[in-house]
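I have placed the structure first, in the form of structure tokens, so that the comments after it can refer back to it.
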There are 4 protein chains.
Amino acid sequence: MEKKRVPSLVKDEALVHKRRAQMVKGAVALFKEKGFHRTTTREIAKASGFSIGTLYEYIGSKEDVLYLVCDAVYGEVMERLEQLLTEENAGVERVRHLVRSLFKVIDEMQDEVLVMYQEAKSLPKEALPYVLQREKEMTERIQDVLAKSRAEGVIQLPDEQLPLAAENLMVKGHMWAFRRWSLASSYSLETYTKAQIEQILSGLKADVENKRGR
Amino acid sequence: MEKKRVPSLVKDEALVHKRRAQMVKGAVALFKEKGFHRTTTREIAKASGFSIGTLYEYIGSKEDVLYLVCDAVYGEVMERLEQLLTEENAGVERVRHLVRSLFKVIDEMQDEVLVMYQEAKSLPKEALPYVLQREKEMTERIQDVLAKSRAEGVIQLPDEQLPLAAENLMVKGHMWAFRRWSLASSYSLETYTKAQIEQILSGLKADVENKRGR
Amino acid sequence: MEKKRVPSLVKDEALVHKRRAQMVKGAVALFKEKGFHRTTTREIAKASGFSIGTLYEYIGSKEDVLYLVCDAVYGEVMERLEQLLTEENAGVERVRHLVRSLFKVIDEMQDEVLVMYQEAKSLPKEALPYVLQREKEMTERIQDVLAKSRAEGVIQLPDEQLPLAAENLMVKGHMWAFRRWSLASSYSLETYTKAQIEQILSGLKADVENKRGR
Amino acid sequence: MEKKRVPSLVKDEALVHKRRAQMVKGAVALFKEKGFHRTTTREIAKASGFSIGTLYEYIGSKEDVLYLVCDAVYGEVMERLEQLLTEENAGVERVRHLVRSLFKVIDEMQDEVLVMYQEAKSLPKEALPYVLQREKEMTERIQDVLAKSRAEGVIQLPDEQLPLAAENLMVKGHMWAFRRWSLASSYSLETYTKAQIEQILSGLKADVENKRGR
DNA sequence: AATGAATGAGAGTTCATTCAT
DNA sequence: CATGAATGAACTCTCATTCAT
């Protein structure tokens, strides 16, 4: 899957990078506050620290800004996650660490994640598959960790349920961002993480039945 | 929490109901396809089977359409869910039935649920709290069922985790709608439901450790 | 100059009269408050005590309402003025009584006169000449009274200035309505009338010069 | 009384001035022909020589155009009047010159004055007081001249009638614009001015009575 | 490379008028 | 005669995009 080429009239690549970073930063704040459609290109330019004319030196259309945001967010989320996942753990603790890491990263980048979640559908047609691809890659990264633990025998799961388990983890992470309105009154990141780990690992079924049932 | 009053110039209440039902139906299809912002009021009118002038006889602003959609969707989702939940079950089977019912309803109303999920943030300021309230009510309904099963001793869960368990169920339901792009290739509603029930009830931890760990 | 025919679908002439009277009354209040253009036909219908459908049984277009208002206002102003002018006076007192009467009528019908003044330009093209004609008629009526006093030798005025004197009187009357924002703080109808009579009759030139100058 | 700030997206103040002057010129012609409400913003833009988008770079709303017109008209009327009033005169001639100057300016700016007169009521709520204030200022300027002549003893007038005399002059000036339909057939600016000066100075009362009455 | 004035298609909304009941 | 739901032309205003400087 190819990264979408965002056209720029400016040749100096370093400058392009710098300006786009400014754009992404300004745009995220605006998109979070008012959403993609209610944000004007003028506002983006202003928040980025340059003029509307300059904005269009670095992008081809407003939608490109959204794409750049999404791309940047995935990049940073993955990077931070990888950073945390360098810490090696074994057995069930590996899973616990995975969940903790994922949730931590999402918590740190709440605004960005939320924006992506809510505005991804406005992405230019050609860009959506690429962004979904990055989501899939991330899910696969999660899945790999789970697979390792499964290989150690510390988690039980039929083959075909492994992807779903990974996807569940992703969603529980995102949930911390997009259901914040509901969760924030009862949970801190720590209590939320702890409770979710519990439910992920042990499920709801009471032990008594677990044991009897076998 | 008060239902928002949507102004109408037409006095005949039955007619208002009928026309708004047409509107909601037409609008959901459009919103799903192109999102709220890219859908024009003229398109909504046309899809509803009347003129732009008539549309505005039944609403005060475009945002009202979105509110009517959200309100109607919650109404129908809840109604259908209640319908399914009349079937009485006991023990773990009650939980299984709850999950099956929830997922079934969401599957039947995929488009509507997806639209609500993605566009709720565009709701008029006064309407958002009401819609969130309905989401909470629904979550509580789920929670009640879980509480019953817990009272029977078939599920284990500290008090403070019950709300989270309910919220998790809700999200896993919605997930079937909003991650369809990812799930549809590997799962049917049935396999998805079965797999999720499994993970919800038993968790990921291998029995061997479960037993040893105590 | 023909009175403009305002079309009505209703045959019963007495009813037409009654309904149009209701219309004029309701419309004047609205026009005064918000002007002709900012007043909607629905509002006129409501203020008149019937439905929008009924309104259009008695007029052909919104502009007809304005015409009916103007026509009615002139009718009533003239009628009231005639009423007051039946009181016979002689010499300068006739002029004084004329001014007093004119100002009194305009004071009583401030709202109506103001509306006519401000909205006449919105009259349907065919109706404007008729309304201007009525204004001319009224001015001539004033002029006739002045002519009488002039014949008595109590006022000095070259022939060709008589129409202007009449027109001046009319404008000073209207002025009481349309410059109310400025006059109301310093004058009551009585003091305004008295002061104007003074200036109309004696002018500004100091007597000393008057006398010397000849 | 503060001048209302009309918002502009354009920063170059000189350009703003220039464009607004174009706007005022174009708008006056249109307002005169069809009135404020029947003139569309697109027509204003076209008459001003730019696009609808550009129009809105220089104003916030259609009403702002009307305000700019009124403001510009007062500015120019006052300026021209001051210009004429630099010519010094004494005694009754001062009054004559005042009237002649006032009428001349209004004659030169007939269209503008008429538009202001007829459309002022459509001014944005906050702007009306400011415009009325300018009218008052102008009236006071007239009053000052009268006061001077009065101090010289060439005009007779109780203190409290001075403001009214000034207001009368203003209205007689405007009258040349707004009753043109009636006056134009009998008067030129010169004959109108001459006749009005006569009546203003000497009043209607015949000398014989003036003299006898004392 | 940066600016910001100019553009105009297109959006939401209003409202005079019609006509079936 | 009275009603009021339906209509759609027309309005004001916005904003992504361009391009001369």
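Chain identifiers are assigned alphabetically (A, B, ...) following the order of the sequence lines, protein sequences preceding nucleic acid strands; residue numbering begins at 1 within each chain.
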Toward the 5' end of DNA chain E, by each residue's nearest nucleotide, C:E63 or D:Y58: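 With D:Y58 and C:E63 compared, the 5'-side residue is D:Y58.
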Grab the [atom1]-[atom2] distance between [X] and [N] for me, whole Å please.
| X | N | atom1 | atom2 | result |
| --- | --- | --- | --- | --- |
| B:R20 | F:dA6 | CZ | P | 13 Å |
| B:D12 | E:dA20 | CG | P | 19 Å |
| A:L9 | F:dT18 | CG | C1' | 11 Å |
| B:E13 | F:dA5 | CD | C1' | 15 Å |
| D:F36 | F:dC11 | CZ | P | 13 Å |
| C:E43 | E:dC15 | CD | P | 8 Å |

Respond yes when some side-chain nitrogen or oxygen of B:R19 is under 4.0 Å from OP1 or OP2 of F:dA6, and no when none is. yes
Base, sugar-phosphate or nothing for A:K46? Non-hydrogen atoms, less than 4.0 Å.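 Counting heavy atoms under 4.0 Å across all strands, no contact is made by A:K46.
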Could you tell me whether B:L15 contacts a base, only the sugar-phosphate backbone, or nothing, with contacts defined as non-hydrogen atoms closer than 4.0 Å? sugar-phosphate
Does any N or O in the side chain of B:S48 come within less than 3.5 Å of the main-chain N or O of B:F50, such that one atom is a donor and the other an acceptor? no
Gap separating the CG atom of B:L128 from the CG atom of B:L66, nearest 0.5 angstrom: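 The CG atom of B:L128 sits 10.0 Å away from the CG atom of B:L66.
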Listed nucleotide nearest any side-chain atom of C:V10, set F:dA5, E:dA6, F:dA2: F:dA2
Looking at the side chain of B:Y56, which of E:dG12, F:dA5, E:dA1 is the nearest nucleotide?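 Looking only at heavy atoms from C-beta outward on B:Y56, the closest nucleotide is E:dG12.
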Between [X] and [Y], does any side-chain N to carboxylate O distance fall below 4.0 Å?
| X | Y | answer |
| --- | --- | --- |
| C:D71 | C:K4 | no |
| C:E57 | C:R19 | no |
| D:R38 | D:E43 | no |

State the pairing partner of F:dT21; accept Watson-Crick or G-U wobble contacts with both distances under 3.5 Å, and report none otherwise.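 Across all strands, the one nucleotide that pairs with F:dT21 is E:dA2.
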Strictly by Watson-Crick or wobble contacts shorter than 3.5 Å, is anything paired with E:dA11, and which nucleotide is it? F:dT12
Should the pair B:K62 and B:F36 be classed as cation-pi, given the thresholds of under 6.0 Å to the six-membered ring centre and 45° from the axis? yes
Below 3.5 Å is the cut-off: list the nitrogen or oxygen pairs between protein and nucleotides 7-11 of chain E, distance only.
from: E:dT7; atom 1: OP2; to: D:S51; atom 2: N; distance (Å): 3.3
from: E:dT7; atom 1: OP2; to: D:S51; atom 2: OG; distance (Å): 3.4
from: E:dT7; atom 1: OP2; to: D:T54; atom 2: OG1; distance (Å): 2.7
from: E:dG8; atom 1: N7; to: D:G53; atom 2: N; distance (Å): 3.1
from: E:dG10; atom 1: O6; to: D:R42; atom 2: NH1; distance (Å): 3.4
from: E:dG10; atom 1: O6; to: D:R42; atom 2: NH2; distance (Å): 2.4

Please enumerate all residues that pass ring-ring contact (aromatic ring centres under 6.0 Å, His included) together with D:H37, with sequence neighbours excluded.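 In terms of ring-ring contact (aromatic ring centres under 6.0 Å, His included), with neighbours along the sequence ignored, D:H37 is linked to C:H37.
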